[in-house]
There are 2 protein chains.
Amino acid sequence: MSALILVAEDDENQAELVRRYLEQDHHRVVVVHDGRDALDVVRDQRPELVVLDLMLPGLGGLDVCRALRADSDVLVLMLTARSTEDDLLHGLGIGADDYMTKPFSPRELVARVRTLLRRRPAARAAPLLRVGPIVVDPVRHEVTVRGSLVECTPGEFGLLAVLASEVNRVFTREQLLDRMHGDSYLTTRTIDTHVKNLRRKIETNSRTPEHLVTVYGIGYKLTAGRADAP
Amino acid sequence: MSALILVAEDDENQAELVRRYLEQDHHRVVVVHDGRDALDVVRDQRPELVVLDLMLPGLGGLDVCRALRADSDVLVLMLTARSTEDDLLHGLGIGADDYMTKPFSPRELVARVRTLLRRRPAARAAPLLRVGPIVVDPVRHEVTVRGSLVECTPGEFGLLAVLASEVNRVFTREQLLDRMHGDSYLTTRTIDTHVKNLRRKIETNSRTPEHLVTVYGIGYKLTAGRADAP
DNA sequence: GGATCCTGTGACGAACCGGTGACCGCCCCG
DNA sequence: CGGGGCGGTCACCGGTTCGTCACAGGATCC
């Protein structure tokens, strides 16, 4: 868990102090003392996080932050000297990811940096189910087909999730009912109806299904369809 | 200084003893008897500290500790039966924050818990939670939407903070109640009411929510709204 | 100690979804 | 080529879930 971090800080002593602590935490550190330099470094070296002093010559920290937010998703940890500036920062809703008021303990800064970086792999351990152009996200409860979101009812989502859990495997209607509701045997027509509604949503032509395929006499399966390159 | 503490302990008597002492010290306590349950609770309820028995059915304490270290910064206080295991633990350098050998006095355990919790004053870094135009500041207990401050009741703030902790993730009402109150199951209507009040405050049109979205049959989630490419 | 605010709850209407039977068309097999 | 079975579709009813409201008890803050 090491990262490239830019420290944009006017005061050289402070900057070096921060550098030392961050490097002790196994990060690579670049220091600048000026707003314009900060933007250049972000553009050229793509750090993952910027420790940004609000009071910066050249461009102010606020302007830098705005510029960063405009066209990058770098993390920003803002440093402010007084709480009044802090209020300003807050009120404007400038997109810093975290902030600290001076004076601060370098250890706390390291801790906050660590927390921010940890959150970085945001979709952590998200078991996405991919079947060709179909993506099922159980955590978000979302279905995406060829990149666009598809609204699903709970039943449809459940059915699709079961089918997507094992691509190309044929499930009988009984198995599908089992995995969806656990118990309580229902009519097989129920599955058929859900299949119909799902096909409307995920197939380009529901008359000729390419993904949600019927296996005559057995049940249904989910396949990737033809070679697709999204 | 009160915290949510998970006690993962095989022996029920021992577990209840520990629970009683910790609750006397004004902590909220959740008890599990199994390694997998422990991981589930940490994921769902985010305790600040885990009292972890080394000998645990399901997953061993060591495995649990490793898993915890992998993706959380929860404190771990390891309990070991014999000093040989203690040595082993030490030797492996598994990242427990402290450990005790059985038998131990419950008072000593309480004292160590207190020390661990105190040892990290600001170390528990609380970065801003940003979800589109919504910014949640756990430190100040403030919420801003599109730059302007929004007054929130404690309940509303708690709910919003939980939802904002994982953008786009769908939480069931039970999970939300869990993370807000730790225990004590309440009516799901409670969540609905808070949602209603929150929508009034953060949505431009509470009739057509863009951020605090209902997932029918499941629960609620918080999304950034329009056009976002992470 | 009193006023204010918040929280939790039951009730109720509205919106939504799920399951079913009927009917028809299609597919396999003899 | 024809029959029997299987799958597709449709509309509808019942049940569940959700949104909203008003209210009572409790916590909080002067």
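Within every chain, numbering begins at 1; the chains are lettered A, B, ... in the order of the sequence lines, protein sequences first and strands thereafter.
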Margin query: Categorize A:T153 for me: base, sugar-phosphate, or nothing, with a 4.0 angstrom heavy-atom threshold over every strand shown.
Written below: sugar-phosphate
Checklist line | Nucleotide C:dC6, atom C1' - distance to CG of B:L198 in whole Å | finding: 13 Å
Next item on the list: Write down the distance between CG (B:L186) and P (C:dG10), rounded to a whole number of angstrom.
Entry: 11 Å
Note to self: From CD of A:E156 over to C1' of C:dG19, roughly how many Å is that when rounded to an integer?
What the structure shows: 14 Å
Next item on the list: Kindly compute the distance separating CG (A:N197) from CG (A:D192), expressed to the nearest 0.5 Å.
Entry: 11.0 Å
Notebook entry, point to check: For B:L160 and C:dC6, what is the distance between atoms CG and P respectively, to the nearest whole Å?
Noted result: 16 Å
Item checked: Heavy-atom pair with the smallest gap, counting every atom of B:I202 and B:R146 -> O-NH2, 3.4 Å
Note to self: I'd like to know if B:E108 pairs up with B:R112 as an ion pair, taking the criterion as any Lys NZ or Arg NE/NH1/NH2 lying under 4.0 Å from an Asp or Glu carboxylate oxygen.
What the structure shows: yes
Note to self: Without decimals, in angstroms, what is the distance between B:L159 CG and C:dC6 P?
What the structure shows: 15 Å
Notebook entry, point to check: So does B:H181 get a side-chain nitrogen or oxygen closer than 4.0 Å to the phosphate oxygens (OP1/OP2) of C:dG8?
Noted result: yes
Margin query: For a quick check, with a 4.0 angstrom heavy-atom cut-off, what is the B/S/- contact string for nucleotides 16-30 of chain D, read 5' to 3'?
Written below: BBBBBB---------
Check: Atom CG of A:D178 and atom CZ of A:R173: how far apart are they, to the nearest 0.5 Å?
Finding: 14.5 Å
Check: Can a side chain N or O of A:T187 be found less than 4.0 Å away from OP1 or OP2 on C:dG19?
Finding: no
Check: If you count the non-hydrogen atoms of other residues, nucleotides and ligands that lie under 6.0 Å from CZ in A:R130, is the total more than 12?
Finding: no
Checklist line | Partner of B:R199 under side-chain hydrogen bond (donor to acceptor under 3.5 Å, both in side chains), chosen from B:T208, B:T214, B:N205 | finding: B:T214
Notebook entry, point to check: Once you round it to whole Å, what is the distance between P of D:dT9 and NE2 of A:H194?
Noted result: 14 Å
Notebook entry, point to check: If you find the nucleotide of DNA chain C closest to A:P154 and the one closest to B:N197, which residue's nucleotide is nearer the 5' end?
Noted result: B:N197
